[in-house]
Amino acid sequence: MSNETAPHKQTIIEITSLGKRYDIAPEGGSKREGFVRSLKHLIGNQSLQDGTRSLWALRDFNLRIQSGSVTGVIGRNGAGKTTLLRILGRITSPTEGRIEGWGRIFPMLEVGASFHPEFTARENVFFNAAM
């Protein structure tokens, strides 16, 4: 019997149609101007027709994680791995979609930032989690 069909497994994280869009100011515009344009767009006062470009870091992403499973996120640069973990950690909010979580969710961001070469990989993970 595989772990996928075990009766004791239950969903602990369910992500449905998740998307994150970043609006980028046109060349020559300041970051402040871009921020103000984004705020105006969010409250409905201004469209993105002013030369602001959109970049989707994640779009239509779906995932279900079962209790007792171990999940890692891998992919090429720019694939949206960090964006996904930031959304799961509530550092940033999604543009669209839904996340439901049961229990504590603790995404490990920047694991390599404090990697100690004399520790094993397991010890480094526990050390970073303790921090």
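When reading the values below, keep in mind they use all heavy atoms of this one structure, side chains included, and skip hydrogens, waters and symmetry mates.
- Under the side-chain hydrogen bond (donor to acceptor under 3.5 Å, both in side chains) criterion, R76 pairs with no residue at all, not counting sequence neighbours.
- Residues that satisfy the side-chain contact (heavy atoms from CB on, under 4.5 Å) test with N77, not counting sequence neighbours, are absent from this structure.
- Atom CH2 of W56 is separated from atom OG1 of T83 by 12.0 Å, given to the nearest 0.5 angstrom.
- For S69, the side-chain hydrogen bond (donor to acceptor under 3.5 Å, both in side chains) criterion is met by no residue, not counting sequence neighbours.
- Annotation: side chain of R59 is in contact with side chain of E96 (closest heavy-atom distance under 4.5 Å).
- Scored by the side-chain hydrogen bond (donor to acceptor under 3.5 Å, both in side chains) test, E14 finds R64 as partners (sequence neighbours excluded).
- In the hydrophobic clustering of this structure, L58 groups with I91; members are Ile, Leu, Val, Met, Phe, Trp, Tyr whose side-chain heavy atoms approach within less than 4.5 Å, directly or through other members.
- Side-chain contact between L18 and T95: absent, with no pair of heavy atoms (C-beta onward) separated by less than 4.5 Å.
- Annotation for P94 and I87: closest pair CD-CG2, 4.0 Å, computed over non-hydrogen atoms.
- Side-chain atoms of N62 come within 3.5 Å of backbone atoms of S17 as a donor-acceptor pair (strictly under, hydrogens ignored).
- For K81, there are no side-chain hydrogen bond (donor to acceptor under 3.5 Å, both in side chains) partners two or more places apart in sequence or in a different chain.
- The same ILVMFWY cluster, assembled from side-chain heavy atoms under 4.5 Å apart, contains both L63 and L88.
- A search for side-chain contact (heavy atoms from CB on, under 4.5 Å) contacts involving R104 returns nothing, not counting sequence neighbours.
- Nearest approach of F61 to I15, heavy atoms of both residues: O-CG2, 3.6 Å.
- Taking CD of E100 as the reference point, atom OG1 of T11 lies at 9.5 Å (rounded to 0.5 Å).
- Panel note: side chain K20, backbone S93; a donor-acceptor pair is recorded below 3.5 Å.
- Of all non-hydrogen atoms in T71 and I65, the two that sit nearest each other are OG1-CG2, 3.6 Å.
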field: Verdict with reasoning, T92 to R86, per side-chain hydrogen bond (donor to acceptor under 3.5 Å, both in side chains)
entry: CA-CA 6 Å; T92 188; R86 286 176 183 260; over 6 Å; no

